[in-house]
Amino acid sequence: MTFEPNPHFSPPTLESRILTGIRGEIWIDPTDLRVVRIEGHLFREVEYGWGILGTLYPEVPFALTRPKRRSAAGSYLILF
């Protein structure tokens with residue numbers, strides 16, 4: 001399944017600003033109905049503090065995988 005940001009989303013926190021600039025694909029385990037992998041990239045520049053605090057540039061790829069576990073607290077492995 002693919003994902004892209006809602007153009008009307010207004011990020012409530014500084015950390016959530018990155019959500020306005022990423023798109024990609026998400027895999028959901030059909031048996032467990034849980035996210036097992038996310039791959040994406042920035043499609044536009046995301047600035048923090050008008051670029052003074054930092055800037056994330058387009059086409060930065062990322063991948064998150066979630067190992068199959070039976071614990072309540074899941075963990076993610078971040079791949080670049």
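Residue numbers count from 1 along this sequence.
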*Between Arg34 (side chain) and Asp29 (backbone), is there a donor-acceptor pair under 3.5 Å?*
no

*How far does CD1 of Ile26 sit from OG1 of Thr2, to the nearest 0.5 angstrom?*
10.5 Å

*asked:* Let me check something: do Phe3 and Phe43 share a hydrophobic cluster, defined by ILVMFWY side-chain heavy atoms less than 4.5 Å apart, either directly or through other members?
replied: no

*Could you give me the CA-CA distance, side-chain angles and deciding distance for Met1 and Glu25, then say whether side-chain contact (heavy atoms from CB on, under 4.5 Å) is met?*
CA-CA 6 Å; Met1 170 182 341; Glu25 296 183 2; over 6 Å; no

_Spacing of CD1 belonging to Ile28 relative to CG belonging to Leu33, to within rounding of 0.5 Å_ = 8.0 Å

*So among Pro5, Pro12, Pro7, which one has a side chain to side chain contact (heavy atoms under 4.5 Å, CB included) with Phe9?*
Pro12

*Report yes if some heavy atom in the side chain of Leu56 is under 4.5 Å from a heavy atom in the side chain of Ile18; otherwise report no.*
yes

_To check you understand the geometry: which heavy-atom pair defines the closest contact between Pro58 and Glu45, and what is its length?_
CG-N, 3.7 Å

_Would Ile38 and Trp27 count as a side-chain contact (heavy atoms from CB on, under 4.5 Å) here? Give the steps._
CA-CA 6 Å; Ile38 300 172; Trp27 286 262; over 6 Å; no

*Flag the pair Arg66 / Arg37 as yes when at least one side-chain heavy-atom distance between them is below 4.5 Å, and no otherwise.*
no

_Nearest-0.5 Å distance, CZ of residue Phe62 to CD1 of residue Ile22_ = 4.0 Å

*Does the pair Val36 and Thr65 meet the rule for a side-chain contact (heavy atoms from CB on, under 4.5 Å), with working shown?*
CA-CA 6 Å; Val36 292; Thr65 59; over 6 Å; no

_Keeping Arg44 on the side-chain end and Thr20 on the backbone end, is there a donor-acceptor pair under 3.5 Å?_
yes

